[in-house]
Peer 1: 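Before we start, here is the structure in question, set down as structure tokens.
Side chains are part of it too, since the values below use all heavy atoms of this structure and drop only hydrogens, waters and symmetry mates.
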Amino acid sequence: MLASKARPQIQKVLDPVSQWAARSSISPDVVTIIGTIGVAGAALGFFTRGVFFLGTVVITLFVFSDLIDGVIARARGISSKWGAFLDSTSDRVGDSAIFGSLIIWYAGDGDSLPLVVAALVCLVAGSITSYVKARAEGLGFTCNVGFAERGERLLILLVAAGLYGLGVPYLLPAALWFLVAATTLTVAQRVVHVYRQWYRAGDPPAPPVSTAAPTVPSGAMPSGPARRP
């Protein structure tokens, strides 16, 4: 929840840029797409080669577009379900590129199979975290819980990668293992949270599926494919 609480303060810093963009003819969808391409390109271009500090700086600059596009849409009164869908989908693409780049690095020059596994678990568990929330809300439940939401995970990883790139030892590996535990815990918290809502609501179980053969009324011909003479 840390990143969520810090979001309003970050937004105040970005307000001048956002307001300028809102008065221009820039489409919020274009801002979203550019930000996603920038994040993915920087991750694949820098992290896969072990260039962590510069890569973190470039990724962070493009991550801010995730805040600007929403301000533009609200300022113009053009917020839409399509924009929300595109923004959410773009977030998944960016996160996958970041963790995928770390997998490539540690599978190659980084030479660490355990950290390949850690980055892979972070990638998979992060996707499951997002899916659980989307699926729960699609079924009418609330799911705004979790120890490490996307903002926290991204903040921890980028800070660790940037400092690791400046020569702070063991920080990025430690962050990856921490995120393995934190993201797994978040998935469990969300599943339990949704289950408790379902249980309190008293939703009846689905009726069992009968495996018995259907009965045919007396004198009726059984349905089925026509027989050849």
Side-chain angles (χ1 to χ4, degrees), residues 1-7 10 32 35-36 39-40 43-44 47 52 56 59-60 62-63 66-67 70 81 84-107 110 112-162 164 170-206:
M1 295 294 182
L2 177 61
S4 300
K5 293 179 180 179
R7 193 180 183 98
I10 297 173
T32 300
T36 303
V39 169
L44 294 171
F47 281 7
F52 291 109
T56 298
I59 289 172
T60 302
F62 281 107
V63 163
D66 186 44
L67 302 176
K81 292 182 179 179
F85 169 79
L86 179 64
D87 186 64
S88 180
T89 302
S90 298
D91 288 346
R92 305 290 84 72
V93 173
D95 293 355
S96 298
I98 292 172
F99 285 103
S101 297
L102 293 175
I103 292 172
I104 293 172
W105 162 250
Y106 282 116
S112 176
L113 182 58
L115 291 177
V116 169
V117 174
L120 180 60
V121 171
C122 288
L123 174 59
V124 174
S127 297
I128 295 174
T129 300
S130 300
Y131 173 79
V132 169
K133 181 176 182 179
R135 182 60 174 158
E137 292 177 346
L139 293 172
F141 299 108
T142 62
C143 200
N144 294 316
V145 299
F147 176 72
E149 296 183 335
R150 178 182 181 264
E152 285 82 359
R153 298 196 303 270
L154 196 59
L155 178 65
I156 291 170
L157 181 65
L158 291 179
V159 169
Y164 187 74
Y170 308 117
L171 191 56
L172 182 55
L176 283 173
W177 286 115
F178 174 78
L179 288 175
V180 167
T183 310
T184 303
L185 174 61
T186 301
V187 172
Q189 287 177 313
R190 290 187 170 182
V191 170
V192 171
H193 181 70
V194 172
Y195 174 78
R196 286 175 175 171
Q197 291 177 77
W198 171 83
Y199 185 80
R200 287 195 299 266
D203 188 12

Peer 1: Would you check if Leu171 and Phe52 make a side-chain contact, meaning some heavy-atom pair closer than 4.5 Å?
Peer 2: no

Peer 1: Go through the structure and list residues passing ring pair (Phe, Tyr, Trp, His ring centres under 6.0 Å) with Tyr170, not counting sequence neighbours.
Peer 2: none

Peer 1: Side-chain contact, heavy-atom cut-off 4.5 Å: Val145 with Thr186?
Peer 2: no

Peer 1: Can you sort out the partners of Thr36 under side-chain hydrogen bond (donor to acceptor under 3.5 Å, both in side chains), two or more places apart, ordered by chain and number?
Peer 2: Ser90

Peer 1: Pairs of donor and acceptor atoms involving the side chains of residues 93-100, under 3.5 Å and at least two apart or interchain, shall be tabulated with distances.
Peer 2:
{"from": "Asp95", "atom 1": "OD1", "to": "Arg150", "atom 2": "NE", "distance (Å)": "3.2"}
{"from": "Asp95", "atom 1": "OD1", "to": "Arg150", "atom 2": "NH2", "distance (Å)": "3.1"}
{"from": "Asp95", "atom 1": "OD2", "to": "Arg150", "atom 2": "NE", "distance (Å)": "2.9"}
{"from": "Ser96", "atom 1": "OG", "to": "Arg92", "atom 2": "O", "distance (Å)": "2.8"}

Peer 1: Looking at CG of Leu123 and CD1 of Ile128, how far apart are the two atoms once the value is rounded to the nearest 0.5 Å?
Peer 2: 10.0 Å

Peer 1: Could you state the interatomic distance from OG1 (Thr183) to CD (Glu152), rounded to the nearest 0.5 Å?
Peer 2: 10.5 Å

Peer 1: Return the set of residues passing side-chain hydrogen bond (donor to acceptor under 3.5 Å, both in side chains) with Thr56 (not counting sequence neighbours), or none when no residue passes.
Peer 2: none

Peer 1: Would you please name every residue forming a salt bridge (Lys or Arg N to Asp or Glu O under 4.0 Å) with Arg153, sequence neighbours left out?
Peer 2: none

Peer 1: If you define the side chain from C-beta out and look only at heavy atoms, does anything of Val194 sit under 4.5 Å from Leu139?
Peer 2: no

Peer 1: Just how far is it from atom CD1 of Ile104 to atom CG of Leu44, taken to the nearest 0.5 Å?
Peer 2: 6.0 Å

Peer 1: When you measure from the side chain of Arg190 to the backbone N and O of Gly146, does any donor-acceptor pair fall under 3.5 Å?
Peer 2: no

Peer 1: The criterion is side-chain hydrogen bond (donor to acceptor under 3.5 Å, both in side chains); which residues satisfy it with Glu137, sequence neighbours excluded?
Peer 2: none

